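Working notes, structure below.
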There are 2 protein chains.
Amino acid sequence: MSRNANFIDKLREARLRPTKQRVKICELLFNREKTFHFTINDLVKKISEDLNEKISLATVYNTVHAFVKKGYLKEIAINSDKSYFDTNTSTHHHFYDEDTHELIDCEQNNIDSINIKNNITGKKINSVEVLIKVASDNQNHN
Amino acid sequence: MSRNANFIDKLREARLRPTKQRVKICELLFNREKTFHFTINDLVKKISEDLNEKISLATVYNTVHAFVKKGYLKEIAINSDKSYFDTNTSTHHHFYDEDTHELIDCEQNNIDSINIKNNITGKKINSVEVLIKVASDNQNHN
DNA sequence: ATTATACATTATAATTATTCTAAACTATTG
DNA sequence: CAATAGTTTAGAATAATTATAATGTATAAT
Ligand SMILES: [Mn+2]
Ligand SMILES: [Mn+2]
Ligand SMILES: [Zn+2]
Ligand SMILES: [Zn+2]
């Protein structure tokens with residue numbers, strides 16, 4: 001229960017009511033060592049597997065979007081079929097495995113800092129992110 | 001008609017039958033100076049405006065996907081609402097204007113070449129692309 | 001040139017991800 | 001303990017995309 005207290009505080013700070021569902025989702029998302037990249041469907045599956053409770057799809061969408069808005073989660077555009085979300089909310093780069101459709105964080109020091117020589121006039125740069133698409137090495141070429 | 005002959009040849013080389021619809025779409029897409037970034041909806045609108053003919057939505061989807069497969073077009077993932085396509089099929093970077101939702105090519109020499117120090121083991125890198133999100137400069141901050 | 005075949009286009013239905021709605025529920029406030 | 005404001009939920013609605021099956025057309029064979 002003491003770990004949940006953290007999430008309740010976190011939610012309160014963001015002026016979100018700490019409902020049972022939101023705390024449960026916090027547990028699943030933020031109670032882990034490594035970055036978690038997931039789709040809504042991944043999360044719904046995880047909820048019904050790990051917990052024994054059901055949270056309605058609408059609530060999962062609403063909660064994830066509330067977390068994105070509050071900066072607890074980040075949305076990543078990889079393909080247009082579905083949205084990916086990321087517990088690593090910093091500006092960072094990704095490997096995308098085209099075989100497994102898996103997103104993997106690319107450490108910041110794995111790429112030298114990127115300098116944009118000429119920006120669009122009148123606009124400010126909000127983020128600069130690299131997407132590295134990788135695939136299995138052992139393919140036959142013709 | 002001589003310009004169409006080019007497209008007919010292009011389609012033939014890709015083993016696509018040069019149907020009236022495909023040639024029309026080629027004209028709209030490839031008969032232009034600058035790179036064209038578009039959604040299916042953009043293209044459908046352009047077809048009904050510029051030409052006076054109607055091409056069914058299914059054919060537009062099928063044709064665009066055939067062109068992507070043949071390497072005439074490239075699909076760009078920007079957000080998960082809809083797919084963007086690009087007449088510039090080379091590996092290249094983009095500015096994305098978050099105000100206008102417009103994609104703009106970033107010249108290759110505008111960014112120094114990106115070196116990935118450590119790749120995922122057993123995988124080969126297929127592409128390295130940068131997405132620069134920009135927005136209007138004159139925002140009020142609190 | 002005519003016919004046969006394979007492939008393409010079309011309208012429409014189906015699917016899938018996502019968002020909306022409105023009623024029932026719950027956390028917080030007085 | 002109310003009253004209130006915000007939340008969850010099942011299910012309907014929407015929007016992008018894909019599938020279906022009938023009709024049409026380009027190409028190959030005669
Ligand atoms: Mn697609
Ligand atoms: Mn979204
Ligand atoms: Zn990440
Ligand atoms: Zn481009």
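Throughout, protein chains are lettered first and strands after them, A, B, ... in sequence-line order, and every chain is numbered starting at 1. Values in this document were obtained by computation on a predicted structure and should not be read as measured data.
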Qualifying residues under side-chain hydrogen bond (donor to acceptor under 3.5 Å, both in side chains), relative to A:Thr121, sequence neighbours excluded: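 With sequence neighbours excluded, A:Thr121 shows a side-chain hydrogen bond (donor to acceptor under 3.5 Å, both in side chains) to no residue whatsoever.
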Residues which pass side chain to side chain contact (heavy atoms under 4.5 Å, CB included) with A:Gln108, listed by chain and number, not counting sequence neighbours: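 For A:Gln108 the side chain to side chain contact (heavy atoms under 4.5 Å, CB included) partners, ignoring immediate neighbours, are A:His92, A:His93.
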Identify each donor-acceptor pair in which a side-chain atom of residues 36-44 of chain A lies under 3.5 Å from a protein atom, sequence neighbours left out, and give them as a table.
{"from": "A:His37", "atom 1": "ND1", "to": "A:Leu103", "atom 2": "O", "distance (Å)": "3.3"}
{"from": "A:His37", "atom 1": "NE2", "to": "A:Asp86", "atom 2": "OD1", "distance (Å)": "3.4"}
{"from": "A:His37", "atom 1": "NE2", "to": "A:Asp86", "atom 2": "OD2", "distance (Å)": "2.9"}
{"from": "A:His37", "atom 1": "NE2", "to": "A:His94", "atom 2": "NE2", "distance (Å)": "3.2"}
{"from": "A:His37", "atom 1": "NE2", "to": "A:Asp105", "atom 2": "OD1", "distance (Å)": "2.9"}
{"from": "A:Thr39", "atom 1": "OG1", "to": "A:Asn41", "atom 2": "N", "distance (Å)": "3.4"}
{"from": "A:Thr39", "atom 1": "OG1", "to": "A:Asp42", "atom 2": "N", "distance (Å)": "3.1"}
{"from": "A:Thr39", "atom 1": "OG1", "to": "A:Asp42", "atom 2": "OD1", "distance (Å)": "3.4"}
{"from": "A:Thr39", "atom 1": "OG1", "to": "A:Asp42", "atom 2": "OD2", "distance (Å)": "3.2"}
{"from": "A:Asp42", "atom 1": "OD2", "to": "A:Thr39", "atom 2": "N", "distance (Å)": "2.8"}

All N/O pairs under 3.5 Å across the protein-nucleotides 21-24 of chain C interface:
none

Whether A:Asp99 side chain and A:Ser136 backbone form a donor-acceptor pair below 3.5 Å: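 The answer is yes, because a donor-acceptor pair under 3.5 Å joins these two groups.
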To the nearest angstrom, how far is [X] atom [atom1] from [N] atom [atom2]?
X: B:Phe67; N: C:dA8; atom1: CZ; atom2: P; answer: 11 Å
X: A:Lys69; N: D:dG6; atom1: NZ; atom2: C1'; answer: 13 Å
X: B:Leu57; N: C:dT15; atom1: CG; atom2: P; answer: 18 Å
X: A:Asn4; N: C:dA27; atom1: CG; atom2: P; answer: 14 Å
X: A:Asp81; N: D:dT17; atom1: CG; atom2: P; answer: 9 Å
X: A:Ile8; N: C:dT28; atom1: CD1; atom2: C1'; answer: 14 Å
X: A:Lys24; N: D:dT8; atom1: NZ; atom2: C1'; answer: 16 Å
X: A:Phe85; N: C:dA17; atom1: CZ; atom2: P; answer: 13 Å

A:Cys106 SG to B:Asn118 CG distance, which is reported to the nearest 0.5 Å: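 Atom-to-atom, A:Cys106:SG and B:Asn118:CG are 9.0 Å apart.
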[X] side chain near [N] phosphate (N/O to OP1/OP2, under 4.0 Å):
X: A:His65; N: C:dT19; result: yes
X: A:Ser83; N: C:dT18; result: yes
X: A:Tyr61; N: C:dT19; result: no

Selection: residues 14-22 of chain A, any non-hydrogen atom under 4.0 Å of DNA chain C: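 Within this stretch, A:Arg17, A:Pro18 sit under 4.0 Å of the strand.
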All ring pair (Phe, Tyr, Trp, His ring centres under 6.0 Å) counterparts of B:Phe67, not counting sequence neighbours: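 Ring pair (Phe, Tyr, Trp, His ring centres under 6.0 Å) list for B:Phe67, sorted by chain: B:Phe30, B:Tyr72.
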Residues forming a salt bridge (charged side-chain N to carboxylate O under 4.0 Å, His left out) with B:Lys34, sequence neighbours excluded: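 Result, salt bridge (charged side-chain N to carboxylate O under 4.0 Å, His left out) vs B:Lys34: none returned.
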Residues that A:Glu27 engages under salt bridge (charged side-chain N to carboxylate O under 4.0 Å, His left out), provided they are two or more places apart: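 For A:Glu27 the salt bridge (charged side-chain N to carboxylate O under 4.0 Å, His left out) partners, ignoring immediate neighbours, are A:Arg3.
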Contacts table for residues 7-24 of chain A: side-chain donor-acceptor under 3.5 angstrom, sequence neighbours left out:
{"from": "A:Thr19", "atom 1": "OG1", "to": "A:Arg22", "atom 2": "N", "distance (Å)": "3.3"}
{"from": "A:Arg22", "atom 1": "NH1", "to": "A:Arg17", "atom 2": "O", "distance (Å)": "3.0"}

Touch class at under 4.0 angstrom, heavy-atom based, for A:Ile55 against every strand present: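 Since only primed, P, OP1 and OP2 atoms lie under 4.0 Å of A:Ile55, the category is sugar-phosphate.
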Nucleotide nearest B:Lys82 (side chain, heavy atoms from C-beta), chosen from C:dT18, D:dA16, D:dT8: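 Of the candidates, D:dA16 comes closest.
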Contact residues, residues 39-49 of chain B to DNA chain D [heavy atom, < 4.0 Å]: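 Heavy-atom contacts with DNA chain D come from no residue of residues 39-49 of chain B; none.
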Pairing of A:Asp112 and B:Lys117 as salt bridge, 4.0 angstrom limit: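 Salt bridge flag = yes for B:Lys117 with A:Asp112.
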List the atom pairs, with distances to 0.1 Å, where a side-chain N or O of residues 47-56 of chain B and a protein N or O form a donor-acceptor pair under 3.5 Å, not counting sequence neighbours.
{"from": "B:Ser48", "atom 1": "OG", "to": "B:Lys45", "atom 2": "O", "distance (Å)": "3.1"}
{"from": "B:Asp50", "atom 1": "OD2", "to": "B:Lys46", "atom 2": "NZ", "distance (Å)": "3.2"}
{"from": "B:Ser56", "atom 1": "OG", "to": "B:Thr59", "atom 2": "N", "distance (Å)": "3.2"}
{"from": "B:Ser56", "atom 1": "OG", "to": "B:Thr59", "atom 2": "OG1", "distance (Å)": "3.1"}

Pairs touching residues 95-128 of chain A that satisfy ring-ring contact (aromatic ring centres under 6.0 Å, His included), sequence neighbours left out: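 Sorted pair list comes back empty.
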